[in-house]
Amino acid sequence: MSLLEVAGIAGGYGEADILRGIDLRIEPGEIVTVAGTNGAGKSTLIKAIMGLVPRCRGRVVFDGRDLLSLDPEDRVGIGIGYVPQVANVFGTLSVLDNLRVVEGVAGRAARIRDMLDRFPALAERRHVAARALSGGERQQLAFARALMSRPKLLLLDEPTAALSPNLVGQVFALIATLPGHSAAALLIEQRARQSLAISNRGYILDSGRVVLEGPAPELLGDERMARLYLGGG
Ligand SMILES: Nc1ncnc2c1ncn2[C@@H]1O[C@H](COP(=O)(O)OP(=O)(O)OP(=O)(O)O)[C@@H](O)[C@H]1O
Ligand SMILES: [Mg+2]
């Protein structure tokens, strides 16, 4: 059974459908890239999985449970972590407090220690306000927050978008370690080439539909893919 199965999901924020019938699956421990042009509906797809799109039809099954009937908070509770594209940490709170305020975490103190072990830069800066962190540190904090509840699936919306080029590789390396910690990842990326390089499979969205999908090596070798979607990254 797939960890996540999205079938025929469609909907949007107002009258018009942004998502127009998307099928996608993620197996346990897989990293899956979703790429595509600006406005294709990538962030909306993740928001639909999290229950943040007001009008949404189709089927989303996670770990054998139908998600569309659950509130966003309850989706986190059953093992989905979400790192939004923007505003993914509380700027005025310290690093430590950003970890303390994550809801629905069992064994909180031990989890915080785990995260500080895993992210030494955060341990060093644990009393610093998050807004004073560098872009890479802030991204680590956003990850640490999402990992606090030991998710089986992490939804990452352009985690490298705001980073300087020398930090991009570090964040991809961090993502590549997730399967070793029993977490699968759905990774939205403009840097499709680098993202596919650490992924098992990929999907390319255009205007709310999947226009290409397949194993990552196949997509990296696909001529149409290279021409239309692999540009710079
Ligand atoms: N909260 C919202 N209310 C209304 N329309 C929205 C909202 N969020 C996104 N949209 C619209 O939905 C469409 C898809 O947006 P989405 O953010 O999913 O694209 P994206 O693929 O993530 O793009 P990008 O690469 O720029 O992040 C766009 O036309 C956008 O203007
Ligand atoms: Mg987006």
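First listed ligand is number 1; within each ligand, the first listed atom is number 1. Computed from a prediction, not measured in an experiment: that's the story for all the values here.
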State plainly whether one hydrophobic cluster holds both I31 and V34, where clusters connect Ile, Leu, Val, Met, Phe, Trp and Tyr through side-chain heavy atoms under 4.5 angstrom apart.
-> no

Besides V101, the hydrophobic cluster formed by Ile, Leu, Val, Met, Phe, Trp and Tyr side chains linked at under 4.5 Å, directly or via other members, contains F90, L93

Verify, without hydrogens or angle tests, whether R111 (side chain) and V105 (backbone) share a donor-acceptor contact under 3.5 angstrom.
-> no

Side chains of E27 and S2: is there a donor and an acceptor less than 3.5 Å apart?
-> yes

So how far is it from L122 CG to I112 CD1, rounded to the nearest 0.5 Å?
-> 12.0 Å

Sidechain N-carboxylate O distance under 4.0 Å for D66, R59 = no

Distance-only polar pair, side chains of R131 and T92, donor-acceptor under 3.5 Å | no

Residue list, salt bridge (Lys or Arg N to Asp or Glu O under 4.0 Å) with R201, at least two apart or on another chain | E30

Output yes when R55 and D17 qualify as a salt bridge under the 4.0 Å nitrogen-oxygen rule, no when they do not.
-> yes

Return the protein residues near ligand 1 (heavy atom under 4.0 Å from any of its atoms), ordered by chain and residue number.
-> Y13, I18, T37, N38, G39, A40, G41, K42, S43, T44, Q85, E158, Q190

Measure distances from the Mg ion (ligand 2) and count the protein N, O or S atoms below 2.8 Å.
-> 2

